[in-house]
Number of protein chains: 2
Amino acid sequence: MRNNTAYINKVKAHILSHLNSFQHSATIYEASKYSIEAGGKGLRPLLLFTALDALGTDLDQGISAASAIEMIHTYSLIHDDLPAMDNDELRRGKPTNHIVFGEAAAILAGDNLLNESFNVIAKDQSLSAEVRIELVETISDAAGQSGMISGQMLDIEAEMKTASLDELETIHTFKTGALIKAPVTAACIIAGADEDIQSELERFSEVIGVLFQIKDDILDLEGNPELTGKNTGSDEKKGKVTYVSELGIDGAKQALRKKEEEAYSILNKLDDSIAVSGLREIVQMFAQRDQ
Amino acid sequence: MRNNTAYINKVKAHILSHLNSFQHSATIYEASKYSIEAGGKGLRPLLLFTALDALGTDLDQGISAASAIEMIHTYSLIHDDLPAMDNDELRRGKPTNHIVFGEAAAILAGDNLLNESFNVIAKDQSLSAEVRIELVETISDAAGQSGMISGQMLDIEAEMKTASLDELETIHTFKTGALIKAPVTAACIIAGADEDIQSELERFSEVIGVLFQIKDDILDLEGNPELTGKNTGSDEKKGKVTYVSELGIDGAKQALRKKEEEAYSILNKLDDSIAVSGLREIVQMFAQRDQ
């Protein structure tokens, strides 16, 4: 697991080297680099490497796919923060991209990270053409109208009305779930995993995607603002429908525990075929995180 | 050539069918569809099919690549028109995307068309994995920081100072040239063209890319506003550096003729190996267009 974490830094270095290598605008380079460097905890790359590790495959083979997914996650945050979207001036305590570089550069830097994410995979000569094009398909499925982009739009539209918990789960499935499932599917493609194992691992990724979101909603109420970077109770103030607003704080915690158990039970089933200990740690990390 | 033109409609139908098939947000679907339907003359797909035809390859094999390039061209216009960029409310006489759907949906619909462009190629089972991944690489090279996106940023920055003709040519090479070259390279990849022929065809595409831009600048001064959809002399009013402002209208026309001759001379050289008559018509069309 410690080894997998080290790979998050390799991903960041790989992205920065790519951004620096093929470019003709200093502004696009600086703006793209800024948000990658300000980047998050690298949960999606970690998940990809941990799944690869569980499948017994060399982690180096996952660098381009993990880079692509992290670039897409980052571009979505840049565009989400724009005045026309969430209009956020700070992310993790740092000024957002458009505050530093202006709106035009932020839109283009976001476009750039999305575009280059597929370029990074295409240029990875260590993977076969078959694996690379399958990665492009899986990741663009997760990031586009079948996944994240539709989720973002549904989320914006849900703010204008009262969504039910069912609608909320649909939104999360697309908005955040798709890009939590993608690293797991990508790892299975790279490792050439058996169909049965892939389908169980994908079910696992769907469960921890929901778990991740429930935890997010709990942290919004009970988290330490210095760690989460958000004011406590901001969802409630905005009148957002969340797991906490629908189930109460105790109900949300119970739902979290249920998802935790569901995730462990899938891993127990897989224990005979693959090395699941790293994935167990991921469940713990998702459920116990304080930021 | 008439056959090639018919393929532009096949491309539009292919894009619309893709947009409709895999989606979970009616707004994203409608907004993406709106700009594709409002779409332009399909010059880039036409160029791709004409090059494929010249190389003696079945035009059906070019549909996914042509769709991807047209989707990328369309997304770039949606984002270009945004208030933070060119702030245009009309394009070809129709309200721009953000005027109809709002800024947030327009940003996301642009992101969607870019994302799905690579998905369309990945899903094309009629092409080998090798060809598909090479197309993804070539097209993302042309559309991203090595090409169009850098060109767009340089163009925005050039408006704040006086650019020289040299700087202008650099900007055009990236901003519009890259996505005029991409269809030609894509056709060569699909056809498995000889290296020599590919390199001549790419030089040809660079020449007609410049020709296209010179004609654009001439049309801005002498075009019929009802056909061009732009007020006459708008470049001059904005104080933009153009071929006309630098060379005068006669000098610009002379430069246009020179590029025309250069393009024909490349085609004459290629005449022994491939069927260049369609490409000759493209040169004529680019040089003589009135919109």
Side-chain angles (χ1 to χ4, degrees), chain A residues 19 22-29 31-32 72 75-76 79 82-85 98 102-112 114-119 121-123 128-141 143-154 156-157 170 174, chain B residues 19 22-29 31-32 72 75-76 79 82-85 98 102-112 114-119 121-123 128-141 143-154 156-157 170 174:
Chain A
L19 291 176
F22 311 97
Q23 50 93 1
H24 299 290
S25 153
T27 307
I28 291 299
Y29 171 58
S32 305
I72 289 174
Y75 113 77
S76 77
H79 282 189
L82 287 168
M85 309 270 283
H98 65 274
E103 267 187 74
I107 293 168
L108 289 171
D111 294 344
N112 188 50
L114 172 57
N115 184 86
E116 296 302 313
S117 69
F118 300 109
N119 195 267
I121 293 175
K123 284 195 161 58
S128 72
E130 284 78 10
V131 164
R132 278 179 283 159
I133 200 66
E134 216 181 319
L135 289 172
V136 168
E137 183 174 2
T138 292
I139 294 171
S140 57
D141 274 343
Q145 60 182 30
S146 330
M148 187 181 72
I149 287 176
S150 283
Q152 286 173 300
M153 195 70 236
L154 292 172
I156 291 169
E157 289 168 335
T170 305
F174 295 130
Chain B
L19 291 176
F22 310 96
Q23 49 93 3
H24 299 291
S25 152
T27 308
I28 291 298
Y29 171 58
S32 305
I72 288 174
Y75 112 77
S76 78
H79 282 188
L82 287 168
M85 309 273 280
H98 65 273
E103 268 188 72
I107 293 168
L108 289 171
D111 294 346
N112 188 50
L114 172 57
N115 184 87
E116 296 303 313
S117 70
F118 299 110
N119 195 268
I121 293 175
K123 284 195 160 59
S128 72
E130 284 79 9
V131 164
R132 279 179 283 160
I133 199 66
E134 218 183 313
L135 289 173
V136 168
E137 182 173 4
T138 292
I139 294 171
S140 57
D141 274 344
Q145 60 181 29
S146 329
M148 189 181 71
I149 286 175
S150 284
Q152 286 173 300
M153 194 70 235
L154 291 171
I156 290 169
E157 289 168 336
T170 306
F174 296 130

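Residue numbers begin at 1 in each chain, while the letters A, B, ... track the order of the sequences. Bear in mind that the values here come from a model prediction, so they are computed numbers and not experimental data.
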Heavy-atom donor-acceptor pair, Asn115(B) side chain to Ser140(A) backbone, under 3.5 Å: yes

So, for Glu116(B) and Gly144(A), which heavy atoms are closest and what is the spacing to 0.1 Å? OE2-CA, 3.4 Å

Name the option with the most non-hydrogen atom pairs under 4.5 Å to chain A; the candidates are Asn119(B), Ile139(B), Ile121(B). Asn119(B)

Engaged part of Gln23(A) at the chain B interface, taking heavy atoms whose separation is under 4.5 Å: both

Distance from Asn112(B) atom CG to Leu114(A) atom CG, nearest 0.5 Å? 9.5 Å

For the residue pair Ala104(B) and Ala84(A), what are the closest heavy atoms and their distance? CB-O, 3.5 Å

Minimal non-hydrogen separation, Ile133(B) against Val136(A), with atom names: CD1-CG2, 3.9 Å

Evaluate the side-chain proximity of Asp111(B) to Tyr75(A): yes if any heavy-atom separation is below 4.5 Å, no if none is. yes

Only counting residues at least two apart or in another chain, list the ones meeting side chain to side chain contact (heavy atoms under 4.5 Å, CB included) with Phe174(B). His24(A), Leu154(B), Thr170(B)

Kindly give the heavy-atom pair with the smallest separation between Ser150(A) and Ser25(B), and that separation in Å. OG-N, 3.4 Å

Tell me, out of Ala122(A), Ala106(A), Gly151(A), who's got the most heavy-atom pairs with chain B below 4.5 Å. Ala122(A)

Does any heavy atom of chain B fall under 4.5 Å from the side chain of Leu82(A), the backbone, both, or neither of them? side chain

Hey, is the main chain of Leu108(A) close enough, under 3.5 Å, to the side chain of Gln152(B) for a donor-acceptor pair? no

Whatever's closer than 4.5 Å to a heavy atom in chain B on Glu157(A) counts as side chain

Report which part of Ile149(A) has an atom under 4.5 Å of a heavy atom belonging to chain B: side chain, backbone, both, or neither. both

Are the side chain of Gln145(A) and the backbone N or O of Tyr29(B) linked by a donor-acceptor pair below 3.5 Å? no

